[in-house]
Undergrad: 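Input: one structure, supplied below.
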Amino acid sequence: MDTDPLRHHGDVDAAPGLADFAVNVRGERPPEWLRRRLVDALDHIGRYPSAEDDRAAREAVARRHGRDPDDVLILNGSAEGFALLPNLRPVTAALIHPSFTEPEVALRAAGVPVRHVLLDAEDGFALHPERVSDDADLVVIGNPTNPTSTLHSADAIRSLVRRGRTVLVDEAFMDAVPGEPETLTGDRDVLVFRSLTKMWALPGLRAGYAVGHPDTLAALARHRPQWPVGTLALHAVIACSDAPTDEIAAEYARHRDHLARELAALGVTVHGPAHAPFLLIEHPHGERLRTSLREHGVAVRRADTFPGLGPNHLRVAVRPPEQCAPLLKALEVCL
């Protein structure tokens, strides 16, 4: 078993039988229309995925973001993209934290020097571009950021761009932001990773993509195995690229605001402003609270495994109000 805290993720906290507020996936299964598309795609798994299949998926993503298909690389989830980061051969990487930890795992394993650029809760974990050293030739930032739920401005992220530097923006949760006003999928000067896992309940399929300059994508994909993405994942990318998300994102926002109010009313500190489908909360006895919630049948995500956060921080997934009763009831008892 891997004991590296950077490898800890919410699925470890969400044991079977617990009310799951640890994993940031919407629903327990894909929507019916997507399930039908995937069932239909089963007829195609008797042959290898072709260049035409990959091209169709890249064209679908390109249409969604107003890009050229050559600006798109289909991935087995954005997690694969993080594992490929050493292919860019960075000399020094600057990681904006607190944030998703898999990029750091991959870079450290490849021997790439990593520097933390820690953001502060006092100003809402706002980005301070001047804290990033000029010699960093790879900068990684989440937007909106996991686990802080912070949405950085596109202009602030653009200010990180330098000649000879790759700026990677992890937009795994951007489709949960109504209108996606701060997305950088239209900018050729940055590299963006997107995931289909959370919005469409596909963690078991692994489907996502990268958008960036073709030269950067070619370097990223260096030494990938043949047929790197399976047929079902390619069909999922095509189907989800045509699906509207604004209505779902607006619903997420309403549910998030409701849950934030309920948590605050119980005396829990809720960090904000929040823009993602989860909330970062804090309590003076956070670790004890997490353990007590588990004993009462509720799983929340420990957040002390994120650089810059401690045992008093917890991450709570946003659920519809009618599904929040177990969490709120357990919190009332435990507090």
Side-chain angles (χ1 to χ4, degrees), residues 41 44-45 47-95 100-112 114 136-143 161 163-172 174 183-197 202-203 205-241:
H44 300 280
I45 65 172
R47 61 176 177 82
Y48 290 100
S50 66
E52 289 74 21
D53 295 330
D54 176 72
R55 175 80 183 186
R58 289 188 291 111
E59 286 176 344
V61 172
R63 285 194 302 272
R64 183 177 186 89
H65 298 297
R67 298 291 290 262
D68 187 276
D70 290 340
D71 296 341
V72 179
L73 178 69
I74 308 301
L75 299 168
N76 284 297
S78 54
E80 187 204 5
F82 298 132
L84 295 174
L85 284 179
N87 288 345
L88 298 179
R89 297 174 180 168
V91 175
T92 303
L95 304 185
F100 190 58
T101 52
E102 282 301 317
E104 180 163 348
V105 170
L107 293 166
R108 286 191 182 279
V112 178
V114 169
D137 57 349
L138 173 65
V139 179
V140 182
I141 184 170
N143 202 36
V161 174
R163 184 177 179 84
R165 168 188 286 177
T166 299
V167 176
L168 167 61
V169 189
D170 173 13
E171 292 191 1
M174 186 62 81
T183 183
L184 285 161
T185 47
D187 285 47
R188 285 178 66 89
D189 292 333
V190 299
L191 175 63
V192 177
F193 286 176
R194 298 286 289 249
S195 170
L196 305 182
T197 297
L202 292 172
L205 184 58
R206 314 309 305 137
Y209 53 87
V211 181
H213 191 282
D215 292 344
T216 304
L217 298 181
L220 191 70
R222 189 186 293 121
H223 309 311
R224 270 180 117 190
Q226 188 66 278
W227 314 290
V229 180
T231 298
L232 290 183
L234 292 171
H235 279 261
V237 170
I238 294 169
C240 295
S241 292

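As the structure is a prediction and not an experimental result, all values here were calculated from the model.
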Undergrad: Out of curiosity, His65 NE2 to Ser241 OG, how far, rounded to the nearest 0.5 Å?
TA: 6.5 Å
Undergrad: Show the nearest heavy-atom pair for residues Gly212 and Leu191, with the distance to one decimal.
TA: CA-CD1, 4.3 Å
Undergrad: For Ala172, is there any backbone N or O sitting under 3.5 Å from a side-chain donor or acceptor partner on Asp170?
TA: yes
Undergrad: What is the minimum heavy-atom distance between Thr183 and Glu171, and which atoms define it?
TA: OG1-OE1, 2.7 Å
Undergrad: Between CG of Leu184 and CG of Asp189, what distance do you get to the nearest 0.5 Å?
TA: 10.0 Å
Undergrad: What's the spacing between Leu84 CG and Ser78 OG if we round to 0.5 Å?
TA: 11.5 Å
Undergrad: When you measure from the side chain of Asp137 to the backbone N and O of Val91, does any donor-acceptor pair fall under 3.5 Å?
TA: yes
Undergrad: Check the angle between the aromatic planes of Phe82 and Phe193 and answer parallel, tilted or perpendicular using the 30° and 60° thresholds.
TA: tilted
Undergrad: For Arg58, is there an ion pair with Asp71 - N to carboxylate O distance below 4.0 angstrom?
TA: no
Undergrad: Would you check, one step at a time, whether the test side chain to side chain contact (heavy atoms under 4.5 Å, CB included) holds for Leu107 with Leu95?
TA: CA-CA 10 Å; Leu107 293 166; Leu95 304 185; 4.1 Å; yes
Undergrad: Go through it in stages, so that I can follow the logic: the residues are Leu75 and Arg224, the test is side chain to side chain contact (heavy atoms under 4.5 Å, CB included), and I'd like the CA-CA distance, side-chain angles, deciding distance and then a yes or no.
TA: CA-CA 11 Å; Leu75 299 168; Arg224 270 180 117 190; 4.0 Å; yes
Undergrad: Keeping Asn87 on the side-chain end and Arg222 on the backbone end, is there a donor-acceptor pair under 3.5 Å?
TA: yes
Undergrad: Just how far is it from atom OG1 of Thr101 to atom CZ of Arg108, taken to the nearest 0.5 Å?
TA: 11.0 Å
Undergrad: So, do Pro103 and Leu85 sit near enough that their side-chain heavy atoms are less than 4.5 Å apart?
TA: yes
Undergrad: If you look at every heavy atom in His44 and Thr231, which pair is closest and at what distance?
TA: CB-CG2, 3.9 Å
Undergrad: How long is the gap from NE2 on His213 to CZ on Arg67, to the nearest 0.5 Å?
TA: 9.5 Å
Undergrad: Where is the tightest heavy-atom contact between Leu202 and Cys240, given as atom of each residue plus distance?
TA: CD1-SG, 4.4 Å
Undergrad: Is it true that a side-chain atom of Arg165 and a backbone atom of Val139 form a donor plus acceptor pair closer than 3.5 Å?
TA: no
Undergrad: Once rounded to the nearest 0.5 Å, what's the spacing between atom CD of Glu80 and atom CG of Leu73?
TA: 7.5 Å
Undergrad: Mind listing the closest non-hydrogen atom pair of Ala83 and Ala106 along with its distance?
TA: CA-CB, 4.0 Å
Undergrad: Go through the steps for Arg64 and Val237 under the test side chain to side chain contact (heavy atoms under 4.5 Å, CB included), then give the verdict.
TA: CA-CA 11 Å; Arg64 183 177 186 89; Val237 170; over 6 Å; no
Undergrad: What closest approach, in Å, do Gly81 and Leu220 show between heavy atoms, and which atom pair accounts for it?
TA: O-CD1, 4.1 Å
Undergrad: Could you tell me whether the side chain of Asp54 and the main chain of Pro49 form a donor-acceptor pair under 3.5 Å?
TA: no
